[in-house]
Amino acid sequence: MSNCLFCKIVSGEISTDFVYKDENIIAFRDINPQAPTHILIIPREHIETLNDIDQSHVELLGAMQLTASYLAKEEGIYEKGFRTVFNCNRDAGQTVFHIHLHLLGGRSMGWPPG
Ligand code: AMP
Ligand code: ZN
């Protein structure tokens with residue numbers, strides 16, 4: 001998708017603070033962090049929202065969650081705790097329409113979320 005911000009990060013057109021890359025997934029630090037650790041884990045494939053995933057994406061979604069656990073260990077927040085979040089569409093506050101898993105940690109968090 002030519003005008004997708006996260007596709008531009010995948011292609012290297014926009015530079016960012018990468019923390020992980022593999023064949024299918026990249027991860028980088030959120031530009032506006034909401035916690036001491038705030039990383040976005042995204043597929044290289046352009047998928048607009050969680051409503052656009054199907055059976056073919058099951059392995060990819062699992063790999064994204066495993067990447068979050070790996071990065072939580074790297075960030076030293078694995079034992080204390082962390083949160084992973086997908087926002088889907090307007091009511092959840094999705095602003096970038098290329099799916100991304102937020103990894104948040106390094107402080108205690110409230111529930112329910114805002
Ligand atoms: P969401 O509101 O779930 O769609 O999350 C989008 C996230 O992308 C927000 O937390 C933004 O701060 C973050 N973001 C937007 N532009 C960039 C960028 N260029 N690099 C890193 N994170 C970004
Ligand atoms: Zn995209």
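One-based numbering along the sequence shown. Both ligands and their constituent atoms are indexed starting at 1 by order of listing.
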Could you tell me which atoms of ligand 1, counted from 1 in the order shown, lie closer than 4.0 angstrom to a heavy atom of F6?
8 (O)
Report whether L61 and V85 are members of the same hydrophobic cluster (ILVMFWY, side-chain heavy atoms less than 4.5 Å apart, transitive linking).
no
Quick check on F86 - does any of its heavy atoms sit under 4.0 Å from an atom of ligand 1?
no
Per residue H98, nearest N, O or S atom to the Zn ion (ligand 2) is named ND1
Note: ligand 1 atoms sitting under 4.0 Å from heavy atoms of N32 are 12 (O)
With a cutoff of 4.0 Å, is H102 in contact with ligand 1, counting heavy atoms of the residue only?
yes
Protein residue, atom and distance nearest to atom 23 (C) of ligand 1, heavy-atom basis
I31 CG2, 3.5 Å
Considering non-hydrogen atoms of the protein only, which is the closest contact for atom 5 (O) of ligand 1, and what is the distance?
H100 NE2, 3.0 Å
Looking only at distances, can you tell me whether any N or O atom of Q94, backbone or side chain, sits closer than 3.5 Å to an N or O atom of ligand 1?
no
Using a plain distance cutoff, I'd like to know if I9 has any nitrogen or oxygen under 3.5 Å from a nitrogen or oxygen of ligand 1.
no
Going by the angle between their ring planes, with limits at 30° and 60°, are H102 and H100 parallel, tilted or perpendicular?
perpendicular
For ligand 1, which is the ligand I care about here, please tell me if F28 has any N or O atom under 3.5 Å from one of the ligand's N or O atoms.
no
To the nearest 10 degrees, could you say what angle the Zn ion (ligand 2) makes with SG of C7 and SG of C4?
120°
May I ask you to identify, for V85, whether its side chain, its backbone, both or neither come under 4.0 Å of ligand 1 on a heavy-atom basis?
neither
Any idea which part of R29 is under 4.0 Å from ligand 1, heavy-atom wise: side chain, backbone, both or neither?
backbone
Is the closest side-chain heavy-atom distance between R29 and V19 below 4.5 Å?
yes
For the Zn ion (ligand 2), find the closest N/O/S atom on H46 and give its atom name.
ND1
Counting only heavy atoms, which portion of I14 has something under 4.0 Å from ligand 1: side chain, backbone, both, or neither?
neither
